[in-house]
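Reviewing the structure listed below.
Chain identifiers are assigned alphabetically (A, B, ...) following the order of the sequence lines, protein sequences preceding nucleic acid strands; residue numbering begins at 1 within each chain.
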Amino acid sequence: MTLPIRNLVLFGLMALLILITGVVQGWTLALTIVNMGLISAIMALGVNLQWGFAGLFNVGVMGFVALGALGAVLVSMPPTTAAWEAGGVRVLLGLAMGAATIVAAVQVHKRMAPGRTRTIVIIAVLVVGFFLYRAVFDPGAAAVEAVNPTLTGYLGGLGLPVILSWPVGGLLAAGAGWVIGKTALGLRSDYLAIATLGIAEIIIAVLKHEEWMSRGVRNVSGIPRPVPLEVDLQRDPDFLERAASLGLDPIFASTLTVRLAYMALFAIVLLVLLWLAQKALNSPWGRMMRAIRDNEVAAEAMGKDVKGRHLQIFILGSAICGMAGAMMATLEGQLTPSSYLPLRFTFLVWVMVIVGGSGNNFGAVLGGMLIWWLWVMVEPIGLWLMTVITAGMPDGSWLKLHLTDAAAHMRLFTMGMILLLVLRFSPRGLIPEK
Amino acid sequence: MSDNPYQDGRGNKDASITNRAGMGQIEYRPEGEARPAGPGPFLIGEAMTGGYGTGANILNDCTISVEKGEIAVIVGPNGAGKSTAMKAIFGMLNLRGGSVRIDGEDITALSPQARVPKGMAFVPQTSNIFTSMTVEENLEMGAFLRRDDISTTMEQVYGLFPILRDKRQQAAGELSGGQRQQVAVGRALMTQPKVLMLDEPTAGVSPIVMDELFDRIIEVARAGITILMVEQNARQALEIADKGYVLVQGANAFTGTGAELLADPEVRRTFLGG
Amino acid sequence: MVGFLNALVVFLNFVFVPALAYGSQLALGALGVTLIYGILRFSNFAHGDTMAFGTMVTILITWWMQGVGISFGFLPTALLALPFGIVITGLALLGTDRGVYRFYRQQKADPVILVIVSMGVMFIMNGVVRFVIGVDDINFADGTRFIITAREFQELTGLQEGLALRTTQVLTVVTAAIAVALLFWFLNKTRTGKSMRAFSDNEALALLSGINPERVVAVTWLIVAALATTAGVLYGLDKSFKAFTYFQLLLPIFAAAIVGGLGNPLGAIVGGFVVAFSEVMVTYPWRRVLSHLLPEERMPDGLVQLISTDYKFAVSFIILIIVLLFRPTGLFKGKSV
């Protein structure tokens, strides 16, 4: 993992941006940006794996990230015993019946000879299965949701350490990736883009409305943390002593410590993933992926299983996005399904990958950090800009108010501009593939 | 993978977002001007040197010319640059040296579409019809630049290829190979060109259809339209040619009348199989 | 018999008419997507935001008209403002093509690069719309709200159930029908329209026939501006205008275009209605229809709703997958205009 001078300079400049933010706007904000930037870099790494290595167009990043976040809830939240007693078994049974219906339909499709009879049988299996599923599942879900709805109203999780949810979130996303990839890449021509676009919306809809699982729009908050709470630190005499010896305000010191702890955790994950991605890129597997990408016909003629490889890398990329989602939920301490918007979680990650440099893992990391920094900073910069522009206008004038309010929307405009400028003048990105 | 980063689609062929069917392969070139040129042959590509994009030269100092109302034929082994020479004359690749002149005008700087109003018509070897459009619409599109009444020309084309009249409301993509070639030639004739350029018009058609096509081409030439043609079937093509060019590795190897080349022992031995 | 009529009226009122209006809006949107796909050869992610942009311009003009006292009688004023909205959106799209897309055409860029470019345009348009008009719900329909209200219908027919026809619903279907008829006439009968089809079919040969690609592309953007603005304004009149909703329309619109067969205008229209009808029918609680058909004792409990309305996106998506499994190029053969 050696970096050419140019890349070192670029990463150095990125660090400088963070430093300036820290000095000008405070270290709390700077570290908040770094933490989310690290998570963004992981998402970009996942998308880069799919797009950069294999040319797969995933516009459903949001869905995989959200599934990962759900993983954090399912692993780490304490189980709601009352809800389990009320209808947990019934819900699980219902889900199992739903799954069995689909498996049965697939089996019928496989075993029976093609023809009208098969179609009728499949439809019959699906219709009967659907109503059985609804009959078993609906009362169970209703019972679960009725248990103390203001506080729980859902099944809760397994009560395991939250760090465990990071790989689990990855697994959940990988599972979704497998289903989507199997379906969309299996069709006669490849329809991955629309499939991912659709699935992402469905996943968000499920999170928003399946309250027995995710509490829906009432959100799950208080996800356990892998690092100590600030208030606990402030009560710890050892900590106070150390803070005092460094001449720091205890509250500030505790915030800083917590963020630094998160940063260390995220940085470790990012570095491990980056190392793995680089290893993969330079392994025979990575070379084969690029060979398929650059000349699919030739690769297929040489007996490479193009569809299989594509499915593999799609699942891997999705898993990384899911992991990032679980980490994000851990950092925020909550799952808020309504905050998952495609512009923020799908298209912004694309901007990161393109700006950083498609096909280059370091590019994806740099792009993730840089674009996230911009995403956060555009608003204060825009507000400052608007203040300067409107300085001459009378207070309370309609235009002044409108411009100041609208500064918040500069964000999307700026992201679009950056994407277009990079595509036009530096189409290979800041750190090109080669 | 391409050197041009904008053309690097990373092997993506997602049918829900990209449409590669019918994409053009003709390079973009800035619009240039035609300049008057001195007297010379009716159509000449003189000392042409160049290749596709930024790639290696395929043509090396190659010259092709044809007089009004004549049939000129380009033959040669595979990969000799026959089709490339023809495309160069039509402006479909950027020349690094040489010039193209027609009827006393230097048109080297013109884009392919700007050469159409100069009286040039080109029938590519493949994808030479609008498959989703009817035969009649194909012919109409051939006459796209004309603002006058096109029905007489259309009648002439139907006179030349009577089968097309019966199938004029049928989608061109549903026709047989030979009929498609007729549509392709018919479309090119609709512009009332001075020069008709054909890139291997008989590729992939049966011998009977091939003879028929050659007869029609002679008929077109008799009507005063200059013909420049690339052919795989060298012997038959040279038999109807007023002028023949044998290209080897993008350069002129032999030039003469069709009869001369057919008689040349060297040409016979190397290209016509004895 | 009366029970059957009542059931029919409920069906028309809550399923058929709304789905017809929604389907018309989707069809117009999908036509724009399919035209760009056929001629510029990429799926335009900025299409939802183009619709939002066109609607925004139309709303601003409508407000101005309302301000100076111009009205369109019982029809919404926005209809008068629509032509101006189309012109301004057309100019904006031509400007975008000049400033952004044309360069990539000259480079003969891969279509997938253009898809990414359209993401950039999407961000910018989304930003502009939010910047100018904000993110709130805007209701800009005026004029008479109903052609016939439920009560009037009940009094007229003596039925227990009422059929309310909103002006905007009728307007949507009529305008969409006119727009579609015009488009088909244009594509099949005029020289320019045929040249667009030729360009979509075989770009190189179109060039060799003297068809000017820049002109074809420019005309395409203008038509897309007209379709997108009309679709957006009709949707906004029927429901309301909200920048984010328009962005979200991208999925059903793409689904409609793909179900019909991308690049095929007829397919886009059929796809629009297929998606709209399945969305409405699968998420509609049929209890009220059944209550007129079944005797009391055989009525099922619950709403008789197959899937909750929350999952309407899932419906368009599942329809899409089913169609693609059985007809990989869509209901109508895709990939040619």
Asn19(B) CG to Leu114(C) CG distance, which is reported to the nearest 0.5 Å
11.5 Å
State whether Arg20(B) and Asp110(C) are salt-bridged, where the test is any N-O pair (Lys NZ or Arg NE/NH1/NH2 against Asp/Glu carboxylate O) under 4.0 Å.
yes
NZ/Lys312(C): more than 12 non-hydrogen atoms of other groups inside 6.0 Å
no
Over all heavy atoms of both residues, which pair between Ile211(C) and Met141(B) is shortest? Give the atoms and the distance, please.
CD1-SD, 3.8 Å
Does Glu33(B) have more than 12 heavy atoms from other residues, nucleotides or ligands lying within 6.0 Å of its CD?
no
Kindly compute the distance separating CD1 (Ile17(B)) from CZ (Arg41(C)), expressed to the nearest 0.5 Å.
15.5 Å
Inspect the surroundings of CZ in Arg35(B) and state if more than 12 heavy atoms from other residues, nucleotides or ligands are less than 6.0 Å away.
no
Side chain, backbone, both or neither: which part of Met190(B) has an atom under 4.5 Å from a heavy atom of chain C?
neither
For chain C, find which of Ser16(B), Pro112(B), Gly142(B) contributes the most heavy-atom pairs closer than 4.5 angstrom.
Ser16(B)
Let me know if Leu205(C) has heavy atoms under 4.5 Å from chain B in its side chain, its backbone, both or neither.
both
Correct closest heavy-atom pair for Ala109(C) and Met23(B) would be O-CE, 4.3 Å
For Ala257(C), which atoms come within 4.5 Å of any heavy atom of chain B: side chain, backbone, both, or neither?
neither
Roughly how far, to the nearest 0.5 Å, is CZ of Phe144(B) from OG1 of Thr192(C)?
6.0 Å
Does any backbone or side-chain atom of Phe42(C) lie under 4.5 Å from a heavy atom of chain B? Answer side chain, backbone, both or neither.
both
Flag if over 12 foreign heavy atoms under 6.0 Å of CZ, Arg98(C)
no
Closest approach of Val116(B) and Gly210(C), non-hydrogen atoms and distance?
CG2-N, 4.0 Å
Under a 4.0 Å threshold between the charged nitrogen and the carboxylate oxygen, would Glu140(B) count as salt-bridged to Arg191(C)?
no
Contact leader toward chain B among Ile258(C), Leu207(C), Leu40(C), where contacts are heavy-atom pairs under 4.5 Å:
Leu207(C)
Polar side chain donor-acceptor pair, Arg187(B) to Ser209(C), under 3.5 angstrom:
yes
Quick one: what part of Leu208(C) sits under 4.5 Å from any heavy atom of chain B, side chain, backbone, both or neither?
both
Would you mind checking which part of Phe254(C) comes under 4.5 Å of any heavy atom in chain B, side chain (CB onward), backbone (N, CA, C, O), both or neither?
neither
Looking only at side-chain N and O atoms, does Asn202(C) offer a donor or acceptor that is under 3.5 Å from a partner on Ser127(B)?
no
Taking all non-hydrogen atoms of both residues into account, name the closest pair between Asp201(C) and Thr131(B) and its distance.
OD2-N, 3.0 Å
Between atom OH of Tyr37(C) and atom OG1 of Thr18(B), what is the distance when rounded to the nearest 0.5 Å?
6.0 Å
Any donor-acceptor pair under 3.5 Å linking the side-chain atoms of Asn4(B) with those of Gln107(C)?
yes
